[in-house]
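What follows is a set of notes on a single structure, which appears directly below.
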Amino acid sequence: MSAHSGEGMHQVADNRGAVELENVTKRYGSVVAVDSVSLSVRPGEFLSLLGPSGCGKTTTLRMLAGFEQPDSGFIKISGEYVQGVPPYKRDVNTVFQHYALFPHMTVSENVGYGLRQKGVAKSEIATRVAEALDMVQMSKLADRKPRQMSGGQQQRVAVARALVNRPSVLLLDEPLGALDRKLREEMQIELKLLQSRLGITFVFVTHDQEEAMSMSDRIAIMLDGHIEQLGDPESVYEHPASAFVAGFIGRNNFWQGVATEHGARSDDGVDFVASRPEEDVPNGQGALAAVRPECIDLSSEKPSQDSNLLRGKVAGVSHFGDVLQYVVSAGDRDVLVLTPRAHAARLHAGDDVWCSWAADDVYLFSARQADIVMADAADEELVDE
């Protein structure tokens, strides 16, 4: 074998499971669902496409699967262009939210169905089905029917059915959405451990930011058909690229105002000093300041600082296990504060309090992003009502 051909084989092996989108656009009539998206997914990576409904994440996944074709741009899987290649000829498999298991078939029969359709030998089917069920720890339930299993067990069968084809990329479209909270959290851990053990590339679609944060190597946060930010969970949380990301990943308290030499002054008179603003907003220009709830300290006594300080009254206290959530009413606005139970001051509704925070904990954005953030906040209030 020549050195050149050996190098080529090594390159293909290295590329197996790599996914690349190059300026991919998808339109439905006048609606641009995906707008010139470019993205590279590394072999063996767990990448989540995260965003609100209508952001383009599911359309992107469907184009990777071959159920939709891009109007422009290119998609490569394992180094090969896949435009026009039907789903069954792509080296990918998809797990959907609704598992679509055949109710009249056993677990083994469901998992081996695709292999039987492809005409794979019975002996090989038996071996590969056993291997796939072992991967998801479902070997003991091989002879059960779907109706005899829990939602989490059915989810594992759906994953095994996808893995039995030994794809280089597994696409998961909100596969945990139908599970209750406790089971969903358990399956998040199991899926991540499975992906780490197998080394298969996972592209995972979700609208649940906690789910994406707990499972992903990197997260692509989408908005209006484009990627707003791409990074590892810590980066997108600690250093959001936009006010939308700051509000969508975790929670934030936002104040509109005007930029000052050291930060911003809100419309209701709160002075913010920001030591590491996310944007360099010119002095006097419209600004948007943000502080995460867990970064705010509460005290009955006034702290010895003149900025990053707010006086209010406790409007409500909620208990979330090891965390207490306070809602502090300050003038015409409510401020959300999260405090570990072990460090909580045991304040009660009606108590006068001071809110304070450090300059390192202030995010500063330009006012051009305020419309998006405030619109999202208004939508949340309507949902709560």
Side-chain angles (χ1 to χ4, degrees), residues 5 7-27 33-51 55-97 114-115 117-118 120 128 132 135 158-175 191-192 194-206 212 215-222 225-227 230-232:
S5 60
E7 182 181 333
M9 289 183 65
H10 181 68
Q11 184 177 11
V12 170
D14 285 350
N15 281 342
R16 188 168 196 270
V19 176
E20 293 183 54
L21 291 86
E22 304 173 11
N23 297 314
V24 170
T25 296
K26 179 64 180 178
R27 298 181 180 86
V34 176
D35 189 5
S36 193
V37 165
S38 293
L39 173 66
S40 293
V41 187
R42 304 159 187 156
E45 181 176 26
F46 195 124
L47 182 128
S48 289
L49 300 175
L50 172 68
C55 71
K57 58 187 185 295
T58 295
T59 300
T60 300
L61 195 81
R62 289 178 62 81
M63 286 190 288
L64 291 176
F67 301 131
E68 303 282 355
Q69 294 296 326
D71 294 311
S72 61
F74 301 96
I75 297 175
K76 288 201 291 188
I77 297 175
S78 298
E80 301 290 333
Y81 289 101
V82 294
Q83 283 76 244
V85 178
Y88 65 91
K89 288 189 176 181
R90 299 190 182 196
D91 192 17
V92 303
N93 270 103
T94 307
V95 179
F96 299 99
Q97 179 175 343
L115 298 179
Q117 293 299 105
K118 293 179 180 178
V120 176
R128 288 170 63 172
M135 287 179 188
V159 171
R161 184 176 58 186
L163 292 175
V164 79
N165 294 304
R166 298 172 181 168
S168 62
V169 180
L170 191 63
L171 308 174
L172 302 103
D173 189 7
E174 308 229 26
L191 268 182
K192 179 57 182 174
L194 178 65
Q195 188 268 339
S196 298
R197 189 168 74 246
L198 298 178
I200 294 175
T201 304
F202 275 30
V203 180
F204 187 93
V205 161
T206 181
M215 300 172 72
S216 311
D217 297 317
R218 288 190 303 158
I219 304 171
I221 302 156
M222 298 187 69
H226 68 270
I227 295 176
L230 173 64
D232 62 79

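In this chain, numbering begins with 1 at the start of the sequence shown.
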Atom [atom1] of [X] and atom [atom2] of [Y]: how far apart are they, to the nearest 0.5 Å?
X    : Y    : atom1 : atom2 : value
F202 : M215 : CZ    : CE    : 8.0 Å
T201 : F46  : OG1   : CZ    : 11.0 Å
N15  : I77  : CG    : CD1   : 12.5 Å
N165 : Y88  : CG    : OH    : 14.5 Å
L171 : F204 : CG    : CZ    : 12.0 Å

Would you check if the side chain of [X] reaches a backbone N or O of [Y] as a donor-acceptor pair within less than 3.5 Å?
X    : Y    : value
D217 : L47  : no
T206 : A212 : no
R27  : D71  : no
R197 : M135 : yes
Q195 : I200 : yes
K192 : S216 : no

Residues which pass side-chain contact (heavy atoms from CB on, under 4.5 Å) with [X], listed by chain and number, not counting sequence neighbours:
X    : value
V120 : L115, K118, E124, I125
A160 : V111, A132, L133, V136
F74  : E22, Y81, Q83

Give me the atom names and distance for the closest heavy-atom approach of [X] to [Y].
X    : Y   : value
A158 : V95 : O-CG2, 3.9 Å
P167 : D91 : CA-OD1, 3.5 Å
L21  : V24 : CB-CG2, 3.8 Å

Contacts table for residues 33-45: side-chain donor-acceptor under 3.5 angstrom, sequence neighbours left out:
unit_1	atom_1	unit_2	atom_2	d
S38	OG	N23	N	2.9
S38	OG	N23	OD1	3.2
E45	OE1	R42	N	2.9
E45	OE1	R218	NH2	3.1
E45	OE2	R218	NE	2.5
E45	OE2	R218	NH2	3.4

Got a list of side-chain donor-acceptor pairs under 3.5 Å for residues 57-67, not counting sequence neighbours?
unit_1	atom_1	unit_2	atom_2	d
K57	NZ	G51	O	3.0
K57	NZ	P52	O	3.2
T60	OG1	G56	O	2.8

L49 vs V203, test: side-chain contact (heavy atoms from CB on, under 4.5 Å). Steps then yes/no.
CA-CA 7 Å; L49 300 175; V203 180; 4.2 Å; yes

Using side-chain contact (heavy atoms from CB on, under 4.5 Å), reason through L170 and L198 one step at a time and then give a plain yes or no.
CA-CA 11 Å; L170 191 63; L198 298 178; over 6 Å; no

Under the side chain to side chain donor-acceptor pair (under 3.5 Å) test, which residues partner D232, sequence neighbours left out?
S235

